[in-house]
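In what follows, a single structure is set out as structure tokens and then discussed.
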Amino acid sequence: MGDAPDAGMDAVQRRLMFEDECILVDESDNIVGHESKYNCHLWEKILTGKMLHRAFSVFLFNTKYELLLQQRSATKVTFPLVWTNTCCSHPLYRESELIVENHLGVRNAAQRKLLDELGIPAEDVPVDQFTPLGRMLYKAPSDGKWGEHELDYLLFIVRDVNVHPNPDEVAGAKYVNRDQLKELLQKADAGEVKLSPWFRLVVENFLFKWWDHVEKGSLKEVSDMETIHKL
């Protein structure tokens, strides 16, 4: 068993870790190469400074302006069972997800993963309905072996959708209003639940301000895709 240290890894997650190629970027979001999802998330490799890669975080609201959250499955390699925003993943090093114009590559990746993780069909989330609001750069350890070092695109969308979570990816899903999210934050502060580090960064720096614009239908007014927020 040459791969004994990862012998307990879920088979689905193992396949994704070795087959998926993330897009490596510099701190200005210029593409510098590609690398396996596995290597991109090993903390010892992240510490070399050479594994910064593109990611996206989707915040999907229904027409009652409630935010859909997911709890990551227990078999996820990084941050298992944490609660987070609707969908968080990576555009891959493939033609359809490398398109720079209007951030179409990232939008295509978001549409793909909403289907993979939550069973939301593409027709429920047309790529032209995603509003990219900003980019943030962050680094976070998971458990000592794994972690994240990502340049994360923050995508908002308001749609009523059909949700059918994939148990390989998602342990739970629920809609929350602002007050319910604040209650969840209090539970996280008390150690009763875990939140992903990137979700916390978005909540603490942007989310409630942007939520006002979700309700007003004015998200484009606060979109800033020039700045890369280093958090």
Side-chain angles (χ1 to χ4, degrees), residues 22-32 40 46 51-62 65-70 72 78-79 82-92 97-114 117-118 120 125-140 147-159 176-178 181-182 184-185 188 195-231:
C22 294
I23 302 166
L24 297 180
V25 294
D26 63 20
E27 291 196 354
S28 298
D29 202 15
N30 300 303
I31 297 173
V32 296
C40 282
I46 289 171
M51 290 295 149
L52 177 61
H53 56 279
R54 270 190 197 150
F56 63 83
S57 291
V58 174
F59 291 74
L60 184 148
F61 297 80
N62 61 21
Y65 307 121
E66 297 168 325
L67 174 62
L68 180 61
L69 303 183
Q70 70 152 278
R72 292 162 66 86
T78 57
F79 303 99
V82 304
W83 281 93
T84 192
N85 50 282
T86 312
C87 180
C88 330
S89 193
H90 315 90
L92 300 180
E97 298 183 11
L98 286 163
I99 301 170
V100 174
E101 186 179 2
N102 296 321
H103 315 292
L104 182 57
V106 177
R107 297 179 198 226
N108 284 337
Q111 186 187 62
R112 170 179 60 82
K113 285 303 290 184
L114 284 168
E117 294 191 0
L118 291 159
I120 299 172
V125 283
V127 290
D128 63 357
Q129 295 298 303
F130 290 101
T131 301
L133 287 191
R135 293 177 292 175
M136 70 176 188
L137 194 161
Y138 77 96
K139 184 187 294 182
E148 295 283 8
H149 190 202
E150 296 186 330
L151 203 153
D152 194 10
Y153 284 66
L154 308 177
L155 305 176
F156 277 47
I157 185 168
V158 182
R159 303 281 292 185
V176 294
N177 60 29
R178 294 178 195 235
L181 179 56
K182 289 174 182 175
L184 188 66
L185 292 169
L195 301 182
S196 74
W198 60 89
F199 182 45
R200 274 228 95 124
L201 286 172
V202 176
V203 170
E204 291 168 0
N205 289 278
F206 310 111
L207 182 58
F208 290 107
K209 174 185 70 176
W210 287 349
W211 207 316
D212 292 337
H213 290 274
V214 170
E215 295 177 355
K216 294 175 186 172
S218 56
L219 279 172
K220 288 186 170 60
E221 291 180 12
V222 287
S223 176
D224 172 14
M225 295 306 292
E226 298 300 317
T227 306
I228 296 173
H229 300 276
K230 295 182 179 180
L231 302 176

Out of curiosity, [X] [atom1] to [Y] [atom2], how far, rounded to the nearest 0.5 Å?
X: Arg135; Y: Lys230; atom1: CZ; atom2: NZ; result: 11.0 Å
X: Leu60; Y: Phe130; atom1: CG; atom2: CZ; result: 7.5 Å
X: Leu98; Y: Leu104; atom1: CG; atom2: CG; result: 11.0 Å
X: Leu137; Y: His229; atom1: CG; atom2: NE2; result: 11.5 Å
X: Ile157; Y: Gln111; atom1: CD1; atom2: CD; result: 8.5 Å
X: Thr86; Y: Lys113; atom1: OG1; atom2: NZ; result: 14.0 Å

Considering non-hydrogen atoms only, spot the tightest contact between [X] and [Y] and give its length.
X: His103; Y: Tyr153; answer: ND1-CE2, 3.7 Å
X: Trp198; Y: Ser57; answer: CD1-OG, 3.6 Å
X: Cys22; Y: Cys40; answer: CB-SG, 3.8 Å
X: Pro91; Y: Gly105; answer: CB-O, 4.5 Å
X: Phe79; Y: Val82; answer: O-CG2, 3.3 Å
X: Cys88; Y: Arg72; answer: O-NH1, 4.4 Å

Just by distance, do the side chain of [X] and the backbone of [Y] share a donor-acceptor pair under 3.5 Å?
X: Asp26; Y: Ser28; result: yes
X: Asp152; Y: Tyr138; result: no
X: Thr131; Y: Lys220; result: no
X: Ser196; Y: Thr84; result: no
X: Asn177; Y: Glu66; result: no
X: Glu148; Y: Lys139; result: no

So, Glu221 and Lys216, do they make that salt bridge, N to O below 4.0 Å?
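Answer for the salt bridge query: no.
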Ion pair Arg54/Glu97, N-O distance below 4.0 Å
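Judged by the 4.0 Å cut-off on N to carboxylate O distance, Arg54 and Glu97 do not form a salt bridge.
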I want to check something: taking the side chain as every heavy atom from C-beta on, are [X] and [Y] in contact at a cut-off of under 4.5 Å?
X: Val125; Y: Val58; value: no
X: Val106; Y: Leu155; value: yes
X: Leu67; Y: Leu207; value: yes
X: Val176; Y: Leu184; value: no
X: Leu92; Y: Arg112; value: yes
X: Phe156; Y: Val222; value: no

If the condition is salt bridge (charged side-chain N to carboxylate O under 4.0 Å, His left out), which residues does Arg107 pass it with, not counting sequence neighbours?
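Expected list: none.
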Do Ile23 and His53 pass the side chain to side chain contact (heavy atoms under 4.5 Å, CB included) test, and can you show the C-alpha distance, the side-chain angles, and the key distance before you say yes or no?
CA-CA 5 Å; Ile23 302 166; His53 56 279; 5.8 Å; no
Quick one: do Leu133 and Phe59 satisfy side chain to side chain contact (heavy atoms under 4.5 Å, CB included)? Show the steps, please.
CA-CA 10 Å; Leu133 287 191; Phe59 291 74; over 6 Å; no
Pair Ile228, Glu27 - check side chain to side chain contact (heavy atoms under 4.5 Å, CB included), show working.
CA-CA 8 Å; Ile228 296 173; Glu27 291 196 354; over 6 Å; no
Specify whether Phe61 and Trp211 have parallel, tilted or perpendicular ring planes, treating 30° as the upper limit for parallel and 60° as the lower limit for perpendicular.
perpendicular
Walk me through it: do Leu68 and Asn62 pass the test side chain to side chain contact (heavy atoms under 4.5 Å, CB included)?
CA-CA 8 Å; Leu68 180 61; Asn62 61 21; over 6 Å; no
